[in-house]
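Starting from 1, each residue takes its place in the sequence as its number. Every number for a ligand or one of its atoms is a count from 1 in the order of the listing.
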Amino acid sequence: MKRIAVLTSGGDAPGMNAAIRAVVRTAKYHDIEVYGVERGYAGLIEGDMRLLSRHDVSDTIQRGGTILRTARSTEFTTEEGREKAAEQLSAKGIEGLVVIGGDGSFRGANAFYHECGIKTVGVPGTIDNDLGYTDRTIGFDTAVNTALAAINNLRDTMSSHDRVVIVEVMGRHCGAIALHAGLAGGAEVILVPERKVDYDEIAEVLDRGEAVGKRSGIVVLAEGAAPLAEVERELKARTSLSFRTTVLGYIQRGGSPTMEDRVLASRLGIRAVELLKDDVGGVVVGVRGGKVVDLPIEEALAIPVRFEAELYEEAKILSL
Ligand code: ADP
């Protein structure tokens, strides 16, 4: 394969630029031309793409977001939309496509491969760490560290005022950010969508702290576990503590990627191009036990997201 394209799709994640950079540099190394597609599948359908040089990805490894921008496209979920996208690639003699995104983007990449014959390779870029086939997704480590920095700041002010903060972090279906940031931030309580929220149990944990003179604390809430207002109301009704709430929101999506995310993105970007060089498509790349792996998209998406139950129990031990 002599000509490929790369795009970022779905929610942005820190480290996507490091992955784009790795794709471009590895392709150059193997004498393959790379087109950068703007705004994901939406830009692909419109043919919004340009040839990238080594220089285009200079000074990007440390930048959050995505230099190619990202978008969601309803048109690409239709066969006609994918047909249009395939025509745009064929017109330029492009045979392979690296898709940096989450599970939705991978479903699109899979349909594109099977229907239109475009060799697609998925690179996991999402802060949620919600893909079962890979131990880590690009952006997760940075998002956790951003949430952790915020929790550290909240702890200072909460302990000065004897207040308990309920801090909402991202995670609609997956509590990985809450779990890791909560454990590392010394949270008293961590609420995740994978476990039922038991307000009596939470109140008991907070009361136990109060009994030994501790009137401040941190409750980390993954957005999908329960509505923030409900958590505040139910805990106020059960304890005499003073509560404050903070929603971290989009702050968690930005920022310079951590070393972990840059290294992961670089390694996965390299493997993606090597697969295309060997004419392999319809696959995703990831990391398992420290090793870079690749497997068919369908197989990868059929692997359920693993909740780190042991880590959750360990966090509970430490908060007692
Ligand atoms: P993420 O990749 O972060 O999970 P989305 O779920 O929004 O983000 O998916 C990104 C894009 O991928 C969508 O806007 C759509 O164009 C495409 N996509 C998602 N699901 C499918 C699907 N089942 N078939 C085809 N394309 C899809």
Atom indices of ligand 1 within 4.0 angstrom of Gly102 heavy atoms, with elements = 1 (P), 2 (O), 3 (O), 4 (O)
Would you mind listing which atoms of ligand 1 come within a distance below 4.0 Å of any non-hydrogen atom of Tyr41?
-> 12 (O), 16 (O), 17 (C)
Flag if over 12 foreign heavy atoms under 6.0 Å of NE2, His173 | no
Would one find more than 12 heavy atoms of other residues, nucleotides or ligands at under 6.0 Å from atom CG of Leu301?
-> yes
Is the closest N or O pair between Arg107 and ligand 1 shorter than 3.5 Å?
-> no
Quick one: does Ala111 get an N or O within less than 3.5 Å of an N or O on ligand 1?
-> no
Whether Thr126 lies under 4.0 Å from ligand 1, heavy atom = no
Looking at ligand 1, does Arg82 have a heavy atom less than 4.0 Å from it?
-> yes
Heavy atom of the protein closest to [atom] (residue, atom name, distance):
atom                    : result
atom 6 (O) of ligand 1  : Gly104 CA, 3.4 Å
atom 15 (C) of ligand 1 : Ser73 O, 3.3 Å
atom 5 (P) of ligand 1  : Arg72 NE, 3.8 Å
atom 11 (C) of ligand 1 : Ser9 OG, 3.7 Å
atom 26 (N) of ligand 1 : Gly108 CA, 3.2 Å
atom 3 (O) of ligand 1  : Gly11 N, 3.4 Å
atom 8 (O) of ligand 1  : Gly10 CA, 3.4 Å

Could you see which bit of Ser105 sits under 4.0 Å from ligand 1, with heavy atoms only: side chain, backbone, both or neither?
-> both
Where the side chain of Thr26 meets the backbone of Val23, is there a donor-acceptor pair that is under 3.5 Å apart?
-> no
Does the cation-pi check pass for Arg238 over Tyr199, that is, NZ or CZ under 6.0 Å from the six-membered ring centre and within 45° of its axis?
-> no
Under a 4.0 Å N-O cut-off, is there an ion pair linking Glu33 with Lys92?
-> no
Cationic N near anionic O, under 4.0 Å, Glu95 to Lys2 = no
Salt bridge (Lys or Arg N to Asp or Glu O under 4.0 Å) between Arg136 and Glu260: does it pass, once the steps are laid out?
-> CA-CA 10 Å; Arg136 285 284 176 268; Glu260 289 281 350; over 6 Å; no
Run the numbers on Lys84 and Glu80 for salt bridge (Lys or Arg N to Asp or Glu O under 4.0 Å), then give the verdict.
-> CA-CA 6 Å; Lys84 275 193 213 167; Glu80 301 78 57; over 6 Å; no
Do Asn145 and Thr258 have side-chain N/O donor and acceptor atoms under 3.5 Å apart?
-> no
